[in-house]
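A quick note: this is a predicted structure, and the numbers were derived from the prediction, not measured.
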Amino acid sequence: MGVSDRELEMGVLYTPPPAHGMMLHGGGAAPPKGAVHSGGGGVVYGDGSWDLTVFVTDLQVERTLRVKGDLHIGGVMIKLVDSLDIAMDWSDHAIWWPTRNIWLDKTRWTLDQYCVNADTVIHFTPMHKTLRIQLPDLRYVDCTVDFSVKTFNSCVTMCRDLGLRHPEELSMCKPLDPEHLKQNFQEVMMRRRPTHLTKEIQGDRIDTNTFVSQTGTLRPQNGGATPNSTLKTPKMQRASPQGTLKNGNYSPYSNGHSYVPGRPLTPQGPTVEEMGLACSPPATPEAKNTLLKPKSLEQRARMNVGWLDSSLSIMEQGVREFDTVHLRYKYYNFYDLNPKYDSSRINQIYEQARWQLLNEEVDCTEEEMMLFAALQLQVAMQANVPQPTHDEDETDDVDEELKKLQMTLEGGGGADGYNSVTEDPSMSDYLQYFKPKRFTLKSYKRLYFVCKNLFLFAYKSSSSARSSGDLLFSVPLKGCEVTPLVNLSAGRYELKLEVPSAEGMTDMYFRFTTEQQYSNWLAACRLAAKGKTLADPSFEMEVNAIKAFLSMQAPATAPAINPASIEMNPDDYVAPRFSRKIKSKVRQKILESHANVKDLNLLEAKMNFIRAWQSLPEYGVSLFVVRFHGERKDELLGVASNRVMRMSLQTGDHIKTWRYSTMKAWNVNWETRHMMIQFEDDKNVIFQCLSADCKVIHEFIGGYIFLSMRSKNSNQQLNAELFHKLTGGWN
């Protein structure tokens with residue numbers, strides 16, 4: 001190990017003694033009497049002690065401590081504080097080892113257990129550091145975050161302080177550049193990676209997202225430092241013991257953290273304290289420039305490369321103080337979204353959905369885009385209007401529960417004999433049906449279908465069904481995926497069913513003649529997929545909700561407001577491809593669609609936007625470029641809240657689908673970076689992820705399984721230990 005001039009001047013390390021008593025070259029100093037060279041750059045004294053170099057980042061000073069290998073980490077910190085002899089609160093400080101990229105957080109462990117020797121230089125640094133966070137609405141906020149605990153725990157604490165319920169749905173990711181979308185990161189890493197990797201801690205961890213740690217610190221504007229650079233907190237910017245940025249906007253929180261609204265280069269409008277997270281100011285040009293606009297499915301998949309590893313600390317992933325990371329909703333499984341308690345959460349989900357649509361990360365039809373634009377316009381118009389308070393409706397919850405109980409006891413409130421308690425309710429009608437096969441045209445057959453007891457029964461005619469004649473086939477609806485396919489201008493009402501089968505998922509398409517027929521069957525399929533029959537009291541509410549949603553998409557004859565009375569830039573409301581397609585008609589179409597949503601208040605408009613977003617076929621599917629074992633071409637892997645899908649890289653068509661309920665285990669070979677998913681039928685799916693590290697997919701799957709375990713009937717305390725058990729790489 002080489003020794004720098006600074007180390008020689010400080011007298012911290014010594015060069016090896018010359019052989020046969022010869023003089024040292026280059027002016028090197030001989031070690032003290034009785035000292036033995038340790039084999040590197042340090043020395044061990046006759047009593048077994050040696051000099052340990054500690055750099056104190058707050059004070060920008062180094063200290064040399066005389067220690068032995070059996071001294072525990074807590075003893076090192078006590079010895080260091082005594083030698084500094086400075087009266088201040090050191091309780092937030094811990095020891096960081098830059099070379100190994102780890103916190104020495106087990107204070108009862110000895111130096112020998114951590115393999116710390118005379119060559120080691122460790123840092124004594126605050127655990128809470130300032131991190132610049134970009135929220136889903138593109139605002140920046142400077143947060144004092146614990147860099148020493150796992151990223152998941154840091155994110156949970158930060159979200160709770162920001163007032164966002166269910167923080168397990170969010171995570172942090174590294175800001176990406178357009179260059180990151182031009183190539184698969186894993187292909188680059190494969191060329192750089194050494195030939196042999198083990199789990200032993202040697203610098204960067206291999207059981208993590210290597211993209212974050214190996215692309216340097218997240219300083220796109222400042223640059224300069226590397227992940228292992230000295231952690232120096234600029235003294236001129238210290239405003240508190242935790243190192244909060246001093247910009248005149250300090251706001252204390254109950255847990256000792258401090259949140260400071262960020263104003264990176266130019267004024268950002270209202271601060272978080274002034275406006276809160278329930279409303280968002282217009283995004284600044286600087287914030288918009290950080291957004292990526294993928295041009296293909298492959299580029300969409302590459303956007304998932306930057307997620308931080310939830311099982312490692314922020315520091316261990318190369319993130320340093322004053323760096324910028326993005327806070328985003330990672331898991332599209334929003335639990336108990338309640339307007340009474342979640343105004344901030346609803347707004348942040350709305351903003352993330354809005355930017356996804358504007359950046360074309362999710363596809364939609366022109367009709368759907370006009371509805372999204374109309375709802376955005378309504379949100380903008382309602383932002384400065386007094387909103388109804390939920391305090392006045394405190395009795396609504398009780399009344400609603402009593403109404404549900406009454407409907408349940410009556411056996412449901414549906415029409416057409418659905419409320420009969422002597423037999424199970426059913427629904428039947430002639431429908432157009434199509435089951436796709438390879439190399440066949442899309443031709444629909446007219447069959448008579450009966451929906452009863454979570455099953456769909458197909459007959460040639462109504463007379464066959466009444467006489468219990470020949471049954472053509474039956475479809476179990478529980479657990480199936482229901483996707484609406486509607487084009488109101490063309491008068492097309494369809495839905496797609498993805499039914500679990502031994503081969504994965506089987507696709508079926510149904511076409512309806514009227515809006516009423518479509519609403520009834522879509523509602524029945526949606527409830528059956530959740531294990532609810534037509535007797536469930538929510539059936540009628542589901543039908544009405546579908547009708548209301550269709551009415552919002554129906555084009556109005558004329559705008560409800562005078563086009564000359566409102567200033568509106570259509571580019572802020574629709575995706576670029578629609579602006580190019582309909583050009584001068586965009587403004588008029590948005591205003592016509594707005595006539596259907598003009599009576600919604602602020603939260604209703606946002607909630608309808610979120611529901612419309614959730615009804616899109618591509619909603620909630622995180623893509624990855626993978627190569628399956630034995631295949632020569634790249635394909636897509638889609639990870640959703642309840643399934644994984646093998647998809648075509650060019651078209652996005654589903655090739656095969658596997659549900660989590662049929663999974664037995666999912667494992668990663670960290671040396672080859674291959675992932676294997678085991679299913680109940682003893683079939684194994686093996687693939688290598690090319691667009692991101694395999695740890696990212698591993699964590700997505702484990703995270704969704706963790707979220708599926710949430711229940712209103714269970715204790716709602718967040719089980720972080722279970723989350724790490726499901727998403728961690730080794731255990």
Side-chain angles (χ1 to χ4, degrees), residues 184 294 296-305 307 330-333 356 361-364 435-438 475-485 495-509 525 529 613-631 633-668 674-681 683-692 694 696-705 707-708:
N184 288 325
S296 65
L297 290 171
E298 192 171 23
Q299 290 195 354
R300 287 189 205 173
R302 289 168 180 163
M303 294 180 67
N304 282 311
V305 70
W307 291 105
K330 179 177 181 179
Y331 303 104
Y332 299 94
N333 188 356
Q356 275 193 1
E361 295 177 39
V362 179
D363 277 340
C364 64
K435 183 177 181 181
K437 298 179 181 178
R438 278 191 175 182
V475 180
L477 294 176
K478 186 176 181 179
C480 68
E481 295 297 321
V482 185
T483 306
L485 304 171
L495 70 82
K496 175 185 175 184
L497 282 183
E498 294 177 78
V499 184
S501 66
E503 298 300 320
M505 299 284 272
T506 303
D507 292 349
M508 295 181 179
Y509 292 84
C525 290
W613 173 54
Q614 290 175 320
S615 70
L616 296 176
E618 294 184 1
Y619 162 77
V621 180
S622 301
L623 300 177
F624 299 90
V625 180
V626 300
R627 183 169 297 173
F628 286 90
H629 183 66
E631 300 289 342
K633 63 179 182 179
D634 298 345
E635 297 177 81
L636 283 178
L637 185 80
V639 182
S641 62
N642 57 358
R643 67 199 188 280
V644 292
M645 295 159 285
R646 184 174 182 175
M647 304 164 64
S648 166
L649 183 62
Q650 286 72 35
T651 63
D653 292 340
H654 295 188
I655 300 172
K656 189 172 286 190
T657 304
W658 303 276
R659 296 181 66 84
Y660 296 149
S661 57
T662 64
M663 283 174 49
K664 292 169 62 177
W666 62 103
N667 307 295
V668 176
H674 282 71
M675 185 167 181
M676 180 175 72
I677 304 177
Q678 298 173 291
F679 294 95
E680 289 178 348
D681 54 3
K683 289 185 178 180
N684 296 334
V685 177
I686 303 173
F687 57 86
Q688 179 187 14
C689 185
L690 303 177
S691 63
C694 54
V696 180
I697 298 182
H698 186 285
E699 192 167 301
F700 260 101
I701 294 174
Y704 274 127
I705 291 174
L707 296 184
S708 69

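- Under the salt bridge (Lys or Arg N to Asp or Glu O under 4.0 Å) criterion, Glu631 pairs with Arg646, not counting sequence neighbours.
- Residues satisfying the side chain to side chain donor-acceptor pair (under 3.5 Å) criterion with Ser648, sequence neighbours excluded, are Thr651.
- In this structure, the separation between OH on Tyr509 and CG on Leu485 is 7.0 Å, given to the nearest 0.5 Å.
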Throw together a table of side-chain donor-acceptor distances under 3.5 angstrom for residues 638-645, partners on residues two or more places apart or in other chains.
| residue | atom | partner | partner atom | Å |
| --- | --- | --- | --- | --- |
| Asn642 | ND2 | Glu481 | OE2 | 2.4 |
| Arg643 | NH1 | Glu481 | OE1 | 3.3 |

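- Annotation: the span from Phe628 atom CZ to Met675 atom CE amounts to 11.0 Å, rounded to 0.5 Å.
- Taking 4.5 Å as the limit, every side-chain heavy atom of Trp307 sits out of range of all side-chain heavy atoms of Glu699.
- Across all non-hydrogen atoms, the minimal contact from Arg659 to Thr662 is O-OG1, 2.8 Å.
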Start with the C-alpha gap between Leu497 and Leu495, add the side-chain angles, then the distance that decides, and say whether side-chain contact (heavy atoms from CB on, under 4.5 Å) holds. CA-CA 7 Å; Leu497 282 183; Leu495 70 82; 3.8 Å; yes

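- The shortest distance between side-chain heavy atoms of Trp658 and Ile677 does not fall below 4.5 Å.
- For the pair Cys480 and Leu477, the tightest heavy-atom approach, listed with the atom from each and the gap, is SG-O, 2.9 Å.
- With sequence neighbours left out, the side chain to side chain contact (heavy atoms under 4.5 Å, CB included) criterion links Lys664 to Gln678, Glu680, Asp682.
- The backbone N or O of Lys496 lies less than 3.5 Å from no partner atom in the side chain of Asp507, so there is not a single donor-acceptor pair.
- The two residues Leu616 and Cys364 make their nearest non-hydrogen contact at CD2-CB, 3.8 Å.
- By the ring pair (Phe, Tyr, Trp, His ring centres under 6.0 Å) test, Tyr332 is found to be paired with Trp613, Tyr619, residues two or more places apart in sequence or in another chain being considered.
- Every residue two or more places apart in sequence or in another chain that forms a side chain to side chain contact (heavy atoms under 4.5 Å, CB included) with Glu618 is listed here: Arg300, Val362, Asp363.
- Closest of all the heavy-atom pairs between Asn333 and Ser708 is ND2-N, 4.4 Å.
- Residues passing the side chain to side chain contact (heavy atoms under 4.5 Å, CB included) test with His674, sequence neighbours excluded: Thr672, Ile686, Gln688.
- Distance check: Arg302 CZ to Leu297 CG gives 11.5 Å after rounding to the nearest 0.5 Å.
- Nearest heavy-atom pair, Val626 versus Cys689, reported as atom, atom and distance to 0.1 Å: CG1-CA, 4.0 Å.
- Residues forming a side chain to side chain contact (heavy atoms under 4.5 Å, CB included) with Ser296 (at least two apart in sequence, or on another chain): Glu298, Gln299.
- With rounding to the nearest 0.5 angstrom, the OG atom of Ser622 is 12.0 Å from the CG atom of Leu636.
- Taking the six-membered ring where tryptophan is involved, the planes of His698 and Trp666 are tilted, since the angle between them lies from 30° to 60°.
- The line from CG of Asn184 to CZ of Arg627 is 9.0 Å long, rounded to the nearest 0.5 Å.
- Side chains of Met663 and Ile701 form a contact here, defined as non-hydrogen atoms less than 4.5 Å apart.
- Closest approach of Val625 to Ser691, counting heavy atoms only: N-OG, 2.9 Å.
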Run Leu623 and Met647 through side-chain contact (heavy atoms from CB on, under 4.5 Å) and show every step you take. CA-CA 9 Å; Leu623 300 177; Met647 304 164 64; 3.9 Å; yes

